[in-house]
Each structure stands twice: as C-alpha cells, then as structure tokens.
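A short worksheet on the structure shown next.
Reminder, nothing fancy here: chain letters follow the sequence lines and each chain counts from 1.
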Number of protein chains: 2
Amino acid sequence: MPFTLADAIEAYILSRLDEAGRGILEVRRRELADRFRCAPSQINYVLATRFTPERGFVVRSRRGGGGGILITLLAYDEVADVLRRLHRQAGRGLTQAQAFDLVRFFHEQEIVTDREARLVQAVFGALSSSPALDSDDLSGLRGRVMQSLLAVLMS
Amino acid sequence: MPFTLADAIEAYILSRLDEAGRGILEVRRRELADRFRCAPSQINYVLATRFTPERGFVVRSRRGGGGGILITLLAYDEVADVLRRLHRQAGRGLTQAQAFDLVRFFHEQEIVTDREARLVQAVFGALSSSPALDSDDLSGLRGRVMQSLLAVLMS
DNA sequence: GGGATTAAGGTCAGGGAAGGTCAAAAGCGG
DNA sequence: CCGCTTTTGACCTTCCCTGACCTTAATCCC
C-alpha cells in the first residue's frame, strides 16, 4: 500500500470529520497545507479526488479574509445511493428526453415537489433552446447541471 | 463558521431591521463604526455588498449635520412588479453574480423555498463551469434560463 | 444674509488574506 | 517505456478592511 501524502491528508480530514460529529467540518486550506508541508493546491487535489459527491461529500468554500472550506458528509440511505449512482451516470451526458425522464422520476418518487419539478424542467427546456451549442456540448451541459442538482438533492 | 466583521455588521443591521417592524430602519454610520470599532467606510462596504437592490433593499442617505442612513426592505406588493421588470431585463443576459443575487432575493422575499433556491443556484453554478461557451453566450444562456424560471414563478 | 465651522456621509485605491485553476514536473506500477 | 496518480508552482479571483481625501448639510456668529 503506497501511503501517499494525499492519503494522509484524506485520513486526517476524515478523522477530524469523525470527531467533530454531526458530519460537518470546517478547515483552512493554508493550515492544512502547513501541517502537511505541501502546496495549498494539494488540498484542492485531495478534495477534488476524495471528497466527491459520489462518495457522499459536499464541499463548499468561501474566499477572502475570513474564508474557509466546509466539508459535509451526507447521511447514507437508499435514496442517496440511487442519487449517487445517477450522479455518476449523468457525468457522461444526457439527452433532453433523459433529463426530463429523470425529473419525472424524482417527482414520482416524491424526491422533489411539484413546483421543484416544474422549475427544473424549465431549466432543461431553456438549455435546449440554446444556439451556440452543438448537441454534444448540450448533452454534457445537461449532465453537469443534473449532477449539480443531484448534489443538492443529496444534501 | 467564517464570521467576519462584515457578517457581524450585517447580522446586527438585519436584527435591528427585524425588530423595527415593517422594513424601515435608520442608522448612523459613525455610530455603527464606533460600535464595531472599525473604519466608517466599512459600513459602506457592508451596505454596498449586502444591502443591494438585487437583494431587495433600498438604501438612502443624507449627508451633513443630522444626516443618517435609511435602510428599507422592499414591500411585498412591489414584488410582482419587480418580477416583470426582471423578466424583461434577463432577456439581455445575466452575469453569474446577478443570477445568484436574484435567486437570493427570491429566497429572502419567500418567493422560493430554501431548497428551491439551492437547486436553482446549483444550476447557475453548473452553467458557469461550462467549457464550450464564451462569456457572452453564457450570459445569454443565464438570461434565458432565468426567464424560464420566472415564467414558472409567475404562473 | 453669508462665510466659517462642524457634522454627517461618500469614494476610491490599495494591501492583505483567503481560496481556485491549470499545466508541468515528479513518482510509480506494470 | 507508458500511463496514471500525485505534487508543485505560478498566476488569478474574490473578499475584507482601512485610510486619505471629497461632498453635502446644518449651524454659528458676525
């Protein structure tokens, strides 16, 4: 087992997340970088590769003086599991029909309300009426939008 | 939480606005600056970044002796009107910051729920991290998405 | 009445403190 | 050697806060 710096940072964050209880932890990028004697961007790398939505994490940050990084571990349940799988799949892009079907599915499963469904459908409708995008780009964009939506639904 | 001076001043103003009842509050810049031990211009900073029209506030001020700053929350009956104006304006495109502020405004006005706001913000976030779109196209796309959303909200 | 004084508030540039991005270099397993 | 992951470094954006300097209004006092 090659225990890399990234692994160590991951383990450290996980343990602090654990001891913090409540599944919420705030860290400073600079502090972590100092503690592990590495470039600050290394922290971004760890967050990007380990603390992903697929693994049930939500990471938010704020820049500027008094900024910081908030890491949240989402509760595990079956719905979340399905959402996570969908999240992974959406990364490969979506047709408009697929996007609409997913939204309808969420609605049927009562994962989203009636109005939430209409709002989201409106979004996908607007996307598709976009010039300046060929169908491949559009598919990728739909996928990313869906992923972001799923991240919210999982939180 | 990353709680800065600006956050504290914002919270203080909001609480006084709240306890003052119907949406009007008068403050003195100097007094606030003294209370928070900061430069008076810090108050301007907070007003400029937090109490913006896009978030539903109107700030007026009088200079000179006996001057002061009047902070007003937009009244409910003005909101429908604002939505129509916004719909027209959105047609000309939106920056990401404008889109976010609008969503925030809707949330503050209780036009959208907490989760609806997060979903919609997730959408605008995803749009902005989109390759294959230059900033003009992006601006236009945000505008069309916002128009579609407004159409749902007005229905 | 009119200038001087005083008491507000406004603007702007700049420094410092976060965090973000991206490409290139370095390691490493096969 | 090749390809993937890790790590770094240079450069960028955002946000907070202050200080120097400016504008406007009320008041004082002749």
Side-chain angles (χ1 to χ4, degrees), chain A residues 1-13 25-52 55 57-72 144 148, chain B residues 1-13 25-55 57-72 95-101 104 121 124-126 128-133 135 138:
Chain A
M1 266 211 225
F3 201 68
T4 65
L5 215 205
D7 292 329
I9 296 171
E10 177 188 13
Y12 174 73
I13 293 177
L25 172 68
E26 182 176 358
V27 296
R28 296 298 170 95
R29 190 176 79 146
R30 183 74 243 176
E31 267 176 27
L32 284 179
D34 285 346
R35 168 179 298 263
F36 289 96
R37 307 262 164 74
C38 64
S41 53
Q42 175 71 356
I43 307 303
N44 295 84
Y45 174 72
V46 174
L47 292 174
T49 55
R50 269 96 163 150
F51 294 84
T52 63
R55 298 191 186 178
F57 294 97
V58 173
V59 176
R60 274 166 301 186
S61 67
R62 178 168 160 180
R63 301 193 195 196
I69 300 174
L70 211 64
I71 302 169
T72 311
R144 278 190 302 282
S148 299
Chain B
M1 293 283 130
F3 205 68
T4 64
L5 215 204
D7 291 329
I9 296 172
E10 176 188 15
Y12 175 73
I13 293 177
L25 172 69
E26 184 172 1
V27 297
R28 296 298 172 91
R29 189 175 80 147
R30 186 73 241 177
E31 266 177 28
L32 284 179
D34 284 346
R35 166 180 300 262
F36 289 96
R37 306 259 169 76
C38 65
S41 55
Q42 175 71 358
I43 306 304
N44 295 85
Y45 172 72
V46 173
L47 292 174
T49 56
R50 269 97 160 149
F51 294 85
T52 65
E54 272 152 353
R55 294 188 187 181
F57 293 97
V58 175
V59 176
R60 273 165 302 181
S61 66
R62 253 190 355 265
R63 301 193 195 196
I69 300 174
L70 211 63
I71 303 169
T72 314
T95 66
Q96 184 179 24
Q98 287 172 330
F100 271 57
D101 277 346
R104 190 176 173 130
Q121 294 202 327
F124 286 110
S128 295
S129 64
S130 175
L133 273 177
S135 72
L138 249 180

- prompt: Across the strands shown, which category fits B/Ile43 at heavy-atom distances under 4.0 angstrom: base, sugar-phosphate, nothing?
  reply: nothing
- prompt: B/Arg60 and B/Thr72: side chain to side chain contact (heavy atoms under 4.5 Å, CB included), yes or no, with the steps?
  reply: CA-CA 8 Å; B/Arg60 273 165 302 181; B/Thr72 314; 3.5 Å; yes
query: Per the atom types in the model, does the base of D/dG19 pair as donor or acceptor with the side chain of B/Ser41 at under 3.5 Å?
result: yes
- request: Give a yes/no answer on whether the side chain of A/Arg62 brings an N or O atom under 4.0 Å of OP1 or OP2 in D/dC16.
  value: yes
Flag side-chain contact, heavy atom, 4.5 Å: B/Glu26 against B/Arg62: yes
Residue closer to the 5' end of DNA chain D, B/Gly66 versus B/Leu5 (nearest nucleotide): B/Leu5
message: If only side-chain N and O atoms count, and only distance matters, is there a donor-acceptor pair under 3.5 Å linking A/Asp7 with A/Thr4?
response: yes
field: Distance below 4.0 Å between B/Ser61 side-chain N/O and C/dG10 OP1 or OP2
entry: yes
D/dC17 phosphate, OP1 or OP2, under 4.0 Å from B/Tyr45 side-chain N/O: no
- request: Would you kindly give the CD1-to-P distance between B/Ile69 and C/dT11, to the nearest whole Å?
  value: 11 Å
Nearest-angstrom distance from the residue atom CD of B/Glu10 to P of D/dC17: 12 Å
- prompt: What's the CG-P distance between B/Leu32 and D/dC17, to the nearest Å?
  reply: 14 Å
query: Expressed in angstrom and rounded to an integer, what is the separation of A/Asp34 atom CG from C/dG19 atom C1'?
result: 14 Å
- request: Please determine if a side-chain N or O atom of B/Arg28 lies less than 4.0 Å away from the OP1 or OP2 oxygen of C/dA8.
  value: yes
- prompt: Looking at C/dG20, does its base get a donor-acceptor pair with the side chain of A/Arg63 below 3.5 Å?
  reply: no
- request: Send over the distance from A/Phe36 CZ to D/dT6 P, rounded to a whole Å.
  value: 15 Å
task: Would you mind reporting whether B/Ser61 and B/Leu47 have side-chain heavy atoms less than 4.5 Å apart?
output: no
message: C/dT11, OP1 or OP2 - any side-chain N/O from B/Arg29 closer than 4.0 Å?
response: no
- request: Could you tell me the separation between the CG atom of A/Asn44 and the P atom of D/dG9, rounded to a whole number of Å?
  value: 15 Å
- prompt: Between A/Pro40 and A/Arg30, what is the shortest heavy-atom contact and its length?
  reply: CG-NH1, 3.5 Å
- line: To the nearest angstrom, the CG-P distance between A/Asp7 and C/dC28 comes to 13 Å
Between D/dT24 (C1') and B/Arg30 (CZ): distance, integer Å: 18 Å
message: Does A/Arg60 reach a base, just sugar-phosphate, or nothing at all? Heavy atoms under 4.0 Å.
response: nothing
